**Student:** 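Here it is, the structure, as structure tokens.
Values in this document were obtained by computation on a predicted structure and should not be read as measured data. In what follows, every chain begins at residue 1, and chains take the letters A, B, ... in the order their sequences are listed.
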Number of protein chains: 2
Amino acid sequence: MFIRRMLQRRLGYWTLAELDKFDYRLLELLQENSRLTGNELSAKVGLSSAACLRRVQRLRETGVIERDVAIVSPKVFGKKMMVIVLLTMERDRPDRYMLMREEFGRMPEVVQCHHVTGAHDFVLRIQVSDMEEYSAFVDRVFHEPYIKRYESLAVLGSLK
Amino acid sequence: MFIRRMLQRRLGYWTLAELDKFDYRLLELLQENSRLTGNELSAKVGLSSAACLRRVQRLRETGVIERDVAIVSPKVFGKKMMVIVLLTMERDRPDRYMLMREEFGRMPEVVQCHHVTGAHDFVLRIQVSDMEEYSAFVDRVFHEPYIKRYESLAVLGSLK
DNA sequence: CAAATCCGTGCGAGATTTTCGCAAAGAATC
DNA sequence: GATTCTTTGCGAAAATCTCGCACGGATTTG
């Protein structure tokens with residue numbers, strides 16, 4: 001906690017400085033459950049409630065904690081089906097990657113999108129209600145000339 | 001909102017009943033930012049603060065909202081490297097899947113684990129600090145007789 | 001069709017939680 | 001060792017959440 005000042009504004013952008021073990025412990029806990037109160041945190045990390053909350057506040061302000069989200073059971077939205085897609089594109093236009101990423105970002109079915117090295121270009125995680133919706137999605141999105149190949153892996157079960 | 005009582009205890013387990021448009025709106029908002037206050041929710045949803053909070057409380061109790069988590073910038077943990085692994089196992093023992101899942105669940109490097117259909121059996125998302133750590137992980141985990149094949153896709157960039 | 005019942009609402013008091021100022025203490029710098 | 005910088009704990013004030021209550025609309029019952 002000596003040379004903290006975790007982020008310093010320097011030439012217009014933010015630079016990370018070091019976090020100490022208390023910060024890491026807090027992050028660990030909040031990553032698991034972001035609704036822990038100051039007192040609960042206090043009990044687990046061994047700092048006063050106020051100190052914990054002050055640190056957490058700073059972690060949020062500085063972007064170490066990017067955001068807080070509620071995890072909603074996928075069943076609720078009726079999106080019972082998850083598919084992982086390995087996507088391979090034609091190697092004609094390198095700028096296509098950025099465009100694709102942006103497009104995927106706007107599609108609600110695409111829950112996750114990774115640009116990867118190797119035989120494939122993208123790994124997508126798709127959440128839909130049923131095979132029909134997935135089929136429509138595939139028709140709409142993957143039947144483009146610049147998409148060379150796609151492989152769908154239906155998810156049977158997940159962890160984490 | 002008439003026949004709510006969204007979950008009813010029935011023969012020992014919980015069954016979903018319907019959520020109305022307010023619930024969906026709340027879920028949508030909290031999925032984006034779980035730190036919205038009652039007043040903020042109220043303004044966006046058009047119910048009183050108390051009504052919003054009561055609904056959210058119930059959504060949590062009934063498991064519609066599974067949990068709340070803080071999203072920590074991956075850079076902070078120095079886990080700068082993400083790898084997606086397509087794993088194929090020997091088809092000798094079907095019960096191995098469950099064992100594997102449990103094992104993966106205990107490994108901190110494994111951020112996500114999906115059991116899938118098709119040519120591969122598992123899709124894992126691995127988070128490590130560097131190639132060295134990844135290499136060690138591979139040696140430790142994937143060099144087992146029952147693992148037939150694995151393909152590592154290094155992630156260049158991600159969305160969502 | 002009215003009465004009874006169920007379920008959710010808004011209001012507002014009370015409880016809990018968070019924020020913030022302040023004095024003090026630990027570490028770094030000189 | 002003095003000065004400066006940063007964080008701590010405490011406690012008051014502010015913000016937020018929880019809960020009881022009375023009310024009203026919708027469904028069910030008689």
**Student:** For B:Arg58 and C:dG8, is the shortest distance between a side-chain N/O and OP1 or OP2 below 4.0 Å?
**Tutor:**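 Yes, such a contact exists.
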**Student:** What's the CG-C1' distance between B:Asp20 and D:dA26, to the nearest Å?
**Tutor:**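 Distance check: B:Asp20 CG to D:dA26 C1' gives 14 Å.
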**Student:** Rounding to a whole Å, what distance do you find between A:Gln57:CD and D:dT7:P?
**Tutor:** 13 Å
**Student:** Give me the ring orientation class for B:Tyr97 and B:Phe122: parallel if the planes are under 30° apart, tilted from 30 to 60°, perpendicular past 60°.
**Tutor:** tilted
**Student:** Tell me what B:Ala50 touches on the nucleic acid: a base, only sugar-phosphate, or nothing, going by heavy atoms under 4.0 Å.
**Tutor:** base
**Student:** Using only atom types and a distance under 3.5 Å, with no angle test, would you say the side chain of A:Ser34 pairs donor to acceptor with the backbone of A:Leu30?
**Tutor:** no
**Student:** Less than 3.5 Å apart, any donor N or O on the side chain of A:Tyr134 or A:Ser129 sitting next to an acceptor on the other?
**Tutor:** no
**Student:** Nearest whole Å is fine: how far is D:dA15 P from B:Leu36 CG?
**Tutor:** 17 Å
**Student:** Whole-Å distance between C:dA15 P and A:Asn39 CG?
**Tutor:**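 From A:Asn39 CG to C:dA15 P: 17 Å.
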**Student:** Does a nitrogen or oxygen in the side chain of A:Arg54 sit under 4.0 Å from OP1 or OP2 of D:dT6?
**Tutor:**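 No.
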**Student:** Quick one: A:Arg35 CZ to C:dT17 P, roughly how many Å, whole number?
**Tutor:**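 So the CZ-P distance, A:Arg35 to C:dT17, works out to 10 Å.
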**Student:** Are B:Arg55 and B:Phe22 in a cation-pi contact, defined as NZ or CZ under 6.0 Å from the six-membered ring centre and within 45° of the axis?
**Tutor:** no
**Student:** When the nearest nucleotide of DNA chain D is assigned to B:Thr37 and to A:Ala51 on a heavy-atom basis, which residue is associated with the more 5' position?
**Tutor:**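 The answer here is A:Ala51.
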